[in-house]
Trainee: 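Below is one structure. I have some questions about it.
Side chains are part of it too, since the values below use all heavy atoms of this structure and drop only hydrogens, waters and symmetry mates.
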Amino acid sequence: MSQPAIRATMNALPRAATRQCLRTMSTASNMAAKRPTTSCLPKSQTQTYQPLVQRRFKYKTVEEAKSRYRSGPFSWKAGMLFLMTGAGLLFYFETEKERMQRKRVAESTKGVGRPKVGGPFKLIDHDGNTVTDEDLKGRYSLVYFGFTHCPDICPEELDKMAIMFDQVEEKLPGVLAPVFVTCDPARDGPKELKEYLAEFHPKFIGLTGTYDEIKAMCKAYRVYFSTPTEVKPGQDYLVDHSIYFYLMDPEGDFVEALGRQHSPEQASKIIVDHMKEWKGPLKKTA
């Protein structure tokens with residue numbers, strides 16, 4: 001082959017390669033044009049792709065997340081509920097403790113081998129009527145022993161007894177009988193008792209009798225009293241006696257002794273609490 005022919009062949013090779021590349025690109029373009037589009041795909045394949053995103057945090061802002069972190073796993077509502085529950089349990093246990101204590105006190109007075117406080121009696125009230133222990137049954141009675149010529153202690157205790165009685169009447173009316181028994185029957189007859197007790201409360205019941213009847217009742221109630229001997233007629237004297245209020249239940253049994261260490265409010269609460277625990281019927285008076 002001559003030199004000019006070889007040069008012409010070499011120059012023709014790039015143009016042939018270019019034409020071949022163009023034909024290849026044109027073929028690929030035609031094939032892409034003929035490829036079916038998404039509109040031709042089945043409906044199940046045309047759904048838009050939605051990536052599955054898992055929500056990791058429920059807080060909208062960073063401040064909410066910080067606030068949750070500062071408060072910890074317990075909220076103020078949980079704290080208040082915890083405190084209220086604790087206070088309720090404490091109140092329940094204290095109330096139950098007091099109830100059991102009252103029950104032990106009441107039952108200890110009825111135990112076998114213990115001296116019984118209270119018992120049968122027959123005396124006269126401030127109106128001259130005969131009164132026995134059976135007349136006091138059916139309701140609670142608060143019994144106090146004293147005498148009308150007492151200069152200080154008896155008036156103070158009867159004032160206290162009037163307050164206790166009124167406070168009990170406000171909560172449980174008609175179920176408590178306030179009874180005053182004289183330890184000085186020689187000077188305290190029905191008339192003297194009526195005039196004396198009217199100064200303290202109109203519902204007080206005064207009881208008197210002979211010396212032997214009073215002595216027997218004091219002995220039954222374990223009450224100490226002593227009058228001086230060799231007293232001349234008309235001579236003034238004092239009577240030494242125990243200073244207690246004796247709470248008796250509707251069956252005539254001794255419940256508890258209330259002393260000077262109890263305030264009127266404390267004593268009336270004790271009486272009312274015992275009354276509320278009574279399971280039997282109660283006789284009420286106007």
Trainee: State plainly whether one hydrophobic cluster holds both Ile124 and Leu197, where clusters connect Ile, Leu, Val, Met, Phe, Trp and Tyr through side-chain heavy atoms under 4.5 angstrom apart.
Mentor: no
Trainee: Kindly compute the distance separating CD1 (Ile153) from CZ (Arg260), expressed to the nearest 0.5 Å.
Mentor: 5.0 Å
Trainee: Under 3.5 Å, which donor-acceptor pairs link side chains of residues 207-218 to any protein atom two or more places apart or in another chain?
Mentor:
unit_1 : atom_1 : unit_2 : atom_2 : d
Thr208 : OG1    : Asp188 : O      : 2.8
Thr210 : OG1    : Glu213 : N      : 3.2
Thr210 : OG1    : Glu213 : OE1    : 3.4
Glu213 : OE1    : Thr210 : N      : 3.0

Trainee: Tell me the closest heavy-atom pair linking Leu176 and Met275, and the distance in Å.
Mentor: CB-CE, 3.7 Å
Trainee: Hey, are Tyr244 and Arg222 close enough side-chain-wise for a donor-acceptor pair under 3.5 Å?
Mentor: no
Trainee: Looking at every non-hydrogen atom in both residues, tell me the closest pair between Gly119 and Ala220 and how far apart they are.
Mentor: N-CB, 4.4 Å
Trainee: How close do Glu169 and Gly174 get, heavy atom to heavy atom, and via which atoms?
Mentor: OE2-N, 2.9 Å
Trainee: Within this structure, what is the SG-OH distance for the pair Cys183 and Tyr224, rounded to the nearest 0.5 Å?
Mentor: 11.0 Å
Trainee: Can you run down the salt bridge (charged side-chain N to carboxylate O under 4.0 Å, His left out) pairs that involve residues 121-132, sequence neighbours left out, and say none if there aren't any?
Mentor: Asp127-Lys194
Trainee: With a 6.0 Å cut-off on the ring centroids, do Tyr221 and Phe145 count as close?
Mentor: yes
Trainee: Show every donor-acceptor pair shorter than 3.5 Å between a side-chain atom in residues 279-286 and any protein atom, with sequence neighbours excluded, or say none if there are none.
Mentor:
unit_1 : atom_1 : unit_2 : atom_2 : d
Lys283 : NZ     : Lys137 : O      : 3.2
Thr285 : OG1    : Arg139 : NH1    : 2.9

Trainee: Does the side chain of Glu157 reach to within under 4.5 Å of the side chain of Tyr144, using non-hydrogen atoms?
Mentor: yes
Trainee: Enter the distance from Ser268:OG to Glu170:CD here, rounded to the nearest 0.5 Å.
Mentor: 9.0 Å
Trainee: Using salt bridge (charged side-chain N to carboxylate O under 4.0 Å, His left out) as the criterion, list what pairs up with Asp240, not counting sequence neighbours.
Mentor: none
Trainee: As a quick check of understanding, evaluate salt bridge (charged side-chain N to carboxylate O under 4.0 Å, His left out) for Lys276 and Asp273, giving each step before the final call.
Mentor: CA-CA 5 Å; Lys276 289 180 178 180; Asp273 289 341; 5.1 Å; no
Trainee: Answer whether the closest heavy-atom distance between the side chains of Leu123 and Val131 falls below 4.5 Å.
Mentor: no
Trainee: Is there a side chain to side chain contact (heavy atoms under 4.5 Å, CB included) between Leu136 and Phe121 once you walk through the steps?
Mentor: CA-CA 11 Å; Leu136 297 180; Phe121 65 85; 3.7 Å; yes
Trainee: Run Glu195 and Thr148 through side chain to side chain contact (heavy atoms under 4.5 Å, CB included) and show every step you take.
Mentor: CA-CA 10 Å; Glu195 292 177 355; Thr148 62; over 6 Å; no
Trainee: Quick one: does Tyr140's side chain get under 4.5 Å of Val168's, heavy atoms only?
Mentor: no
Trainee: Check the pair His262, Ile270 against side chain to side chain contact (heavy atoms under 4.5 Å, CB included), reporting the backbone distance first and the verdict last.
Mentor: CA-CA 10 Å; His262 297 98; Ile270 292 173; 3.7 Å; yes
Trainee: List, one per line, each side-chain donor-acceptor pair under 3.5 Å for residues 198-205, sequence neighbours excluded.
Mentor:
unit_1 : atom_1 : unit_2 : atom_2 : d
His201 : ND1    : Lys203 : N      : 3.1
His201 : NE2    : Asp166 : OD1    : 2.8

Trainee: Distance from Arg187 atom CZ to Leu193 atom CG, nearest 0.5 Å?
Mentor: 12.0 Å
Trainee: Are side-chain heavy atoms of Leu142 and Phe165 found at a separation under 4.5 Å?
Mentor: no
Trainee: Tell me, which pairs form a salt bridge (charged side-chain N to carboxylate O under 4.0 Å, His left out) where one or both residues lie in residues 145-155, sequence neighbours left out?
Mentor: none
Trainee: Hey, does the side chain of Asp159 reach the backbone of Glu156 with a donor-acceptor pair shorter than 3.5 angstrom?
Mentor: no
Trainee: Mind checking whether Val239 and Cys150 have side chains closer than 4.5 Å, heavy atoms only?
Mentor: no
Trainee: So do Tyr196 and Leu158 actually touch side chain to side chain, heavy atoms under 4.5 Å?
Mentor: yes
Trainee: Does His274 reach the main-chain N or O of Ile271 with its side chain, forming a donor-acceptor pair under 3.5 Å?
Mentor: no
Trainee: Would Val143 and Phe180 satisfy side chain to side chain contact (heavy atoms under 4.5 Å, CB included), going step by step from the backbone distance to the final call?
Mentor: CA-CA 6 Å; Val143 185; Phe180 175 82; over 6 Å; no
Trainee: Could you give the distance from NE2 (His126) to OG1 (Thr182), rounded to the nearest 0.5 Å?
Mentor: 14.0 Å
Trainee: With heavy-atom distances below 4.5 Å as the criterion, would you say the side chains of Met161 and Phe245 are in contact?
Mentor: yes
Trainee: Just how far is it from atom CD of Gln167 to atom CD of Glu265, taken to the nearest 0.5 Å?
Mentor: 5.0 Å
Trainee: Which heavy atom in Leu238 sits nearest to a heavy atom in Pro151, and how many Å separate them?
Mentor: CD2-CD, 3.8 Å
